[in-house]
Q: 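Dumping the structure here so I can ask a few things about it.
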Amino acid sequence: MSVVAFWVLGVLAVTSGVLVFRFDSMARATFSLLTSLLCVGGELIVLGLDYLGIVTVLMMTIEMAIMAVFMIMFMMNPAGLMPMTMTHNTRGAGFLCAVVFALLVTGVLLVPWPPRRGTAPPDPTADLGLSLMGPHMLTMTTLGMALFATIVSSVVLATRRGRYDRYGDDLRATRPDDPVRGGVGR
Amino acid sequence: MADDAPLWVVLVVPAGLAVLVWAVAAVDAGPSGSGRRALALLVQQRRMVRASDVPLVRLGTGLLPVAAVLAAAVVPLGFRAVGDLPDGIVWFNAMEALAWAAVWLTGWGPNSTLSLIGGYRFLAQGLAYELPHMLAITTAALGGESLRVGAVVEAQDGVWFALWMPVAFGIYLSSALAMAFWGPFDQPVGTDTAGGAAVELCGVERLLFLGGRWLLFVVSAAFAVPLFLGGGNGPLLPGWAWTGIKTAAVLAFLLWVRRRMPTVRTERYVEVAWVVLTPLAVAQALVVALVVLGR
């Protein structure tokens, strides 16, 4: 059963991954990529990593939905109404892909994989959380804050309207001058 | 811990859900009835906008009810769920996320401006409700000290989570409405855009989309019971009866709210969600975490 699921999901993941480059519509390409990633999530569940698999499904769905918006905003021909191709520099890319594939396969075949020691833990999720977070809690927290600060500062830098536009040159306006009012009544 | 139901239940659950949704929709529609309209949609003539992306529309409309039924797999009736997964709460959230993709696809596919506006509105609204919503269900998981829905129900044997996590409960209820783009959050299918994401749908596709929306609404309302209202716990009556009574109460309350509240504009809701709801949800999670640590 799980062997069948493994192969079906694997073939589906590769097929929809290839289709990303066959479609000429951004929406189709995005959701083909999402299908591929969902199959990878399913693959993780089949391998017994339930939590990682389900989180992959959750994160990838939301991420690809938002990504669709950006792809359509910035790419030419988003609806595929005009002829275009998703592949560029086919010869160079093909050569690079072949080399990477050969390297990976050689690695898979040559690495001395360790045999399994002991049995699977009763709750892999808890063990994963402990090994990720246990001794490295400080690192994770610092990293999280640094990432969050990066997001906030890049948004602040990217926004066209700054505080001088909103509160006037001396920053004395009691109400910000916004084109669209928000819901908090500011 | 909730028991897994026998395998044949997998076949019964979608049918049972359909009957439940039909009943709730009929009560909501009143004497005008919803059944006749549903039957009319089944035989309606198909029409398609020129240059619409038909496969994407079919995928979007079909995905909505499928996501709702898959989410229902971890919702226990009494103390039995189709599958009481070790990560059931994350599973529920992941299946809800599929609805995001479904609504956007339905908005994009028909090559129509109004439906596209509806799809984009849902993404904006979804981004705003998803974070407080995730924090609210994480808070319930924190209280139960498990991602397993059965363990969360078990932890509410004495006191319901709704009593000592009122903020998380309130945020969950509001996001249950937002998830199904109902009632104050119905801008994605608003009348100002002639029906938004659903404007070009007809026939079976319209039935699947609107029916899937009902399913999503009923399932997310029902999930409030194991998360915050003690699941099947209660005196005298058996577990399944308590689940039924509590689910009916949540549904009745949400339908009442939908009738009482005017539509909230997406851009206003976005600011409220980021500036008010998210910090409130974080504070609620902090309180619960401190209580759990002190136990």
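Hydrogens, waters and symmetry mates play no part in the numbers below; they use all other heavy atoms, side chains included. In what follows, chains are A, B, ... by sequence order, proteins preceding strands, each numbered from 1.
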Q: Report, in residue-number order, which members of residues 285-295 of chain B are under 4.5 Å from chain A by heavy-atom distance.
A: none
Q: Check B:Ala97 against A:Thr61 and note the closest heavy-atom contact, atom names and distance.
A: O-CG2, 3.3 Å
Q: Strictly less than 4.5 Å between heavy atoms, which residues of residues 55-69 of chain B line up against chain A? Please order them by number.
A: B:Pro55, B:Leu56
Q: Pick whichever of B:Glu96, B:Arg268, B:Glu267, B:Arg265 has the most heavy-atom pairs under 4.5 Å with chain A.
A: B:Arg268
Q: Strictly less than 4.5 Å between heavy atoms, which residues of residues 113-131 of chain B line up against chain A? Please order them by number.
A: B:Tyr120, B:Leu123, B:Leu127, B:Glu130
Q: So if I apply the side-chain contact (heavy atoms from CB on, under 4.5 Å) rule between B:Leu98 and each of A:Leu38, A:Leu34, A:Ile62, which one comes out positive?
A: A:Leu38
Q: Roughly how far, to the nearest 0.5 Å, is the CG atom of B:Asn93 from the CE atom of A:Met59?
A: 9.5 Å
Q: Does CZ belonging to A:Phe23 count more than 12 external heavy atoms closer than 6.0 Å?
A: yes
Q: I'd like to know whether A:Phe31 forms a ring-ring contact (aromatic ring centres under 6.0 Å, His included) with B:Trp108, so could you lay out the CA-CA distance, the side-chain angles of the two residues, the decisive distance to 0.1 Å, and finally the verdict.
A: CA-CA 12 Å; A:Phe31 282 89; B:Trp108 165 266; 9.6 Å; no
Q: Please classify the contact between A:Tyr51 and chain B as side chain, backbone, both or neither, with a heavy-atom cut-off of under 4.5 Å.
A: both
Q: Between chain B and each of A:Ile66, A:Thr30, A:Val55, count heavy-atom pairs under 4.5 Å; write down the option with the most.
A: A:Ile66
Q: Grab the two heavy atoms, one from B:Val90 and one from A:Leu58, that are nearest each other, plus how far apart they are.
A: CG1-CD2, 4.3 Å
Q: State whether the number of non-hydrogen atoms from other residues, nucleotides or ligands found under 6.0 Å of A:Arg22 atom CZ is greater than 12.
A: no
Q: Examine whether an atom of A:Thr56 lies under 4.5 Å from a heavy atom of chain B, and if so say whether it belongs to the side chain, the backbone or both; otherwise answer neither.
A: neither
Q: Do any pairs count as a salt bridge (Lys or Arg N to Asp or Glu O under 4.0 Å) and have a residue in residues 42-53 of chain A, sequence neighbours left out, and if so which ones?
A: none
Q: Less than 4.5 Å to any heavy atom of chain A: does that hold for the side chain of B:Trp104, its backbone, both, or neither?
A: side chain
Q: Step through the shown structure and confirm whether more than 12 heavy atoms of other residues, nucleotides or ligands are within 6.0 Å of CG on A:Asp169.
A: no
